[in-house]
Student: 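My questions will all concern the structure given below.
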Amino acid sequence: MLDIKLLRDDSPRIAQNLADRRARVFDDLGPADGPDWAEKTVGRLTMLDRGYLALLQRQDELRRLQNETSAGMKAVGKLAKEEQAAARERLVEEGRRLRDEERQLGLDTEKALAERDEWWGRVPNLTHPETPRGGADEDHRELRRVGTPRDFEAEGFAPRDHLEVAEALDLVDFASGAKVAGPKFYYLKNEAVLLDLALQHYALQTARRHGFTVHVTPDLAREEILRGLGFNPRGESTQIYSVANSDLCLVGTAEITLGGMLADTILEEDQLPLLLAGVSHCFRTEAGSAGQESKGLYRVHQFTKVELFAFTAADEGASEAMHARLLAIEEEIFTGLGLPYRVVDIASGDLGGPAYRKFDLEAWMPGRGAYGEITSTSNCTDYQARRLKIRYRPGAPDGTKQKPRFVHMLNGTAVACSRALVAIFENYQQADGSVVVPEVLRAVVGADRVFGAKRRAGAT
RNA sequence: GGAGGAGUGGCCGAGCGGUCUAAGGCAGCGGACUUGAAAUCCGUCGUGGGGGCAACCCCACCGAGGGUUCGAAUCCCUCCUCCUCCGCCA
């Protein structure tokens, strides 16, 4: 959530940002509803805010009168004895009247605030000036390509996609997944299990080396925490599974549990930057997605992920430097895995609500002959911190403590295991159908190459 | 699952219907003393919101939400969290 003062002080900026992001706030007022839809949106938000403020002021006034009335009771004892009863009676009656009126008004105020925030909460974060503006795939800016895709033609065979490779080696079982849990669920088998664990191990070791405190986090979290991080657990197109008869949801990423850890706290400035990493299972409904892009392990309902999370001081220099650092760690991890990738600066229309700027790493995936997203890192500035109430106490140059400020929060994928497996299976496949194990994973996997069932029986 | 106990400002902790404008301490900050520091003494010091946008004024907040009352940190109800013991379990 943005600071409501931004709406009061600089509403044109909000309107411009809505337009840049193609961010619909009201259901009947989006990019397709005329050229001034963003200004109209801001106008409606302003009306809601003013309505709330007017009610709040009246309520404050009533409470002030109530306080006066009950304070007046103390003076009754000083009156002449025969006047006390009448004076007390008058005050009690006045107090009763004020109480009833204030209670009624309080309900209206509460409703007005809830309504304002329901809509204000849908307004996305501001956007980094260098973020490319636009909403189409081609509006993303490719920053660089690292590594060289293998020339399968020169090697004399056509690369298969990861699903064919993995099934031939008996590494995944989607049929059983579908039977037990439904489509897009799967079992990992044999060396894929060890690869999955090795990826987590590798990512966590790398995170630790960079100063992150590592965690295994809960796989469920309260709705309130989800909302704080900018996820909407209810609604038609939600990506979130929720647990019936409770306020718990299955997390879609450890971003939720790591970011939520510090809700309602005030940090000291010297605790920043605070670096957390966590491994969790990730659950996503993937409502409405299908097709080639979602084949096999690429888009599934459950996977395991190691996530990086950082809290920094509230100035853009600090969080931007951290954003670059997270991106560098992601690149280090995928360079270490020997996977060719490119870095993409995500366009304004595709940022999602909380992100101020977002970089994706896309690995080369020979099976489809295209780059596919494998990690993502976002600088969410203070957008999440505001609702989660995560602050820090800045120190002024003269040593005095300043008012608490909201921290900046950033997240990034260290390794999303399922997607990393896709990239490994496709990039490391051999003409004989086997898959070479990336060097950094060999110690944990206990093998440098995965063969099929025949060789497996003999090998162990 | 059962039985008890406890949640108060950055931290510790008192208060248990109106004198709470929440004692006291620690930490922080300013000052005095000192060559400097420590110790000591004096002062200052919560968060959020609204109004004037300067001094200042007002409102809310004692785990959360309801309730009783003219008036609630204080009484009642529900929930959450933590602690102790018992049971069960990996």
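Convention: sequence-line order gives letters A, B, ...; per-chain numbering from 1.
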Student: Please state the C1' separation for the pair B:A22 and B:G17 - nearest whole angstrom.
Tutor: 15 Å
Student: Consider only side-chain N and O atoms of A:Glu316 and A:His408, and report whether a donor and an acceptor are under 3.5 Å apart.
Tutor: no
Student: As an exercise, state the distance from CD of A:Glu373 to CD1 of A:Ile346, rounded to the nearest 0.5 Å.
Tutor: 7.0 Å
Student: How many Å lie between NZ on A:Lys5 and P on B:C53, as a whole number?
Tutor: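 Atom-to-atom, A:Lys5 to B:C53, this comes out as 16 Å.
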Student: At under 4.0 Å, does any side-chain N or O of A:Lys403 touch on OP1 or OP2 of B:G48?
Tutor: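 So the side-chain polar atoms of A:Lys403 do come within 4.0 Å of the phosphate oxygens OP1 or OP2 of B:G48, strictly under.
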Student: What's the CG-C1' distance between A:Asp49 and B:G49, to the nearest Å?
Tutor: 12 Å
Student: Would you indicate, yes or no, if B:C59 has its OP1 or OP2 atom less than 4.0 angstrom from a side-chain nitrogen or oxygen of A:Arg63?
Tutor: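 So the side chain of A:Arg63 is outside the cut-off, no N or O lying under 4.0 Å from OP1 or OP2 of B:C59.
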Student: Enter the distance from A:Thr265:OG1 to A:Leu388:CG here, rounded to the nearest 0.5 Å.
Tutor: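 Interatomic distance, A:Thr265 OG1 to A:Leu388 CG, rounded to 0.5 Å: 9.0 Å.
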Student: Of the nucleotides B:G51, B:G71, B:U81, which has the atom closest to the A:Leu53 side chain?
Tutor: B:G51
Student: Rounded to whole angstrom, note down the C1' distance from B:U8 over to B:C62.
Tutor: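 4 Å, rounded to whole Å.
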Student: Under 4.0 Å: is that the gap between some side-chain N or O of A:Asn67 and OP1 or OP2 of B:C59?
Tutor: yes
Student: Roughly how many Å is it from CD in A:Glu68 to P in B:C57, rounded to a whole number?
Tutor: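 Answer to the nearest Å: 15 Å.
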Student: Specify the residue among A:Ile266 and A:Leu65 whose closest nucleotide of RNA chain B lies further upstream toward the 5′ end.
Tutor: A:Ile266
Student: Which part of the nucleic acid does A:Arg97 contact within heavy-atom distance under 4.0 Å: base, sugar-phosphate only, or nothing?
Tutor: nothing
Student: Would you call the rings of A:Tyr241 and A:His301 parallel, tilted or perpendicular, taking 30° and 60° as the class edges?
Tutor: perpendicular
Student: In whole angstrom, what separates A:Arg99's CZ from B:A72's C1'?
Tutor: 13 Å
Student: Expressed in angstrom and rounded to an integer, what is the separation of A:Arg88 atom CZ from B:U69 atom C1'?
Tutor: 14 Å
Student: Given the rule that a pair is Watson-Crick or G-U wobble with both distances under 3.5 Å, how would you write RNA chain B in dot-bracket, using | for pairs to a different strand?
Tutor: ((((((((.[[[..)..(.....]]].(((((.......))))).((((((....)))))).[[[[[..)....]]]]])))))))....
Student: Within the distance-only criterion (no hydrogens, no angle test), does the side chain of A:Thr238 pair as donor or acceptor with the backbone N or O of A:Asn232 below 3.5 angstrom?
Tutor: yes
Student: Quick one: A:Gln271 CD to B:G10 P, roughly how many Å, whole number?
Tutor: 14 Å
Student: For A:Asp219 and A:His281, indicate whether the former's side chain and the latter's backbone hold a donor-acceptor pair under 3.5 Å.
Tutor: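 Here the side-chain-to-backbone pair exists.
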Student: Respond yes when some side-chain nitrogen or oxygen of A:Arg393 is under 4.0 Å from OP1 or OP2 of B:U47, and no when none is.
Tutor: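 For B:U47, OP1 or OP2 has a side-chain N or O of A:Arg393 closer than 4.0 Å.
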Student: At under 4.0 Å, does any side-chain N or O of A:Arg64 touch on OP1 or OP2 of B:C58?
Tutor: no
Student: Is there side-chain contact between A:Trp37 and A:Leu18, with heavy atoms separated by less than 4.5 Å?
Tutor: yes
Student: Compare side-chain N and O positions of A:Arg103 against OP1 and OP2 of B:U68 and report whether any pair is under 4.0 Å apart.
Tutor: yes
Student: Taking only the C1' atom of each, what is the distance from B:A6 to B:G31 in whole angstrom?
Tutor: 41 Å
Student: Calculate the interatomic distance between A:Leu62 atom CG and B:A60 atom C1'; express it in whole Å.
Tutor: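 Distance, rounded to whole Å: 14 Å.
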Student: In whole Å, what separates the C1' atom of B:G65 from that of B:G7?
Tutor: 16 Å
Student: Need one value for A:Leu98: base, sugar-phosphate or nothing, where a base atom within 4.0 Å counts as base even if backbone is also close, heavy atoms only.
Tutor: nothing
Student: Taking the minimum atom-to-atom distance to the side chain of A:Pro404, which one of B:G71, B:C80, B:U47 wins?
Tutor: B:U47
Student: Select from A:Glu110 and A:Glu61 the residue whose nearest nucleotide in RNA chain B is closer to the 5' end of that strand.
Tutor: A:Glu61
Student: Which value, in whole Å, describes the distance between the P atoms of nucleotides B:G71 and B:U81?
Tutor: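 These two P atoms come out 32 Å apart once rounded.
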Student: A:Tyr298 ring centre to A:Arg419 NZ or CZ under 6.0 Å, with the angle to the axis within 45°?
Tutor: yes
Student: Filter on salt bridge (charged side-chain N to carboxylate O under 4.0 Å, His left out), then keep only pairs touching residues 197-208 of chain A, sequence neighbours left out; what's left?
Tutor: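 For residues 197-208 of chain A, and leaving out neighbouring residues, there are no salt bridge (charged side-chain N to carboxylate O under 4.0 Å, His left out) pairs at all.
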Student: Distance between the P atoms of B:A23 and B:G43, in whole angstroms?
Tutor: 15 Å
Student: Verify the contact: side-chain N or O of A:Arg58 to OP1 or OP2 of B:C59, cut-off strictly under 4.0 Å; return yes or no.
Tutor: no
Student: Distance between the C1' atoms of B:A3 and B:G87, in whole angstroms?
Tutor: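 Roughly 11 Å separates the two C1' atoms.
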Student: Provide the distance between the two P atoms, one in B:C76 and one in B:G4, to the nearest whole Å.
Tutor: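 Straight-line distance between the two P atoms is 15 Å.
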Student: Taking atom C1' of B:G49 as reference, at what distance in whole Å does atom CZ of A:Arg50 sit?
Tutor: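 Whole-Å distance recorded here is 18 Å.
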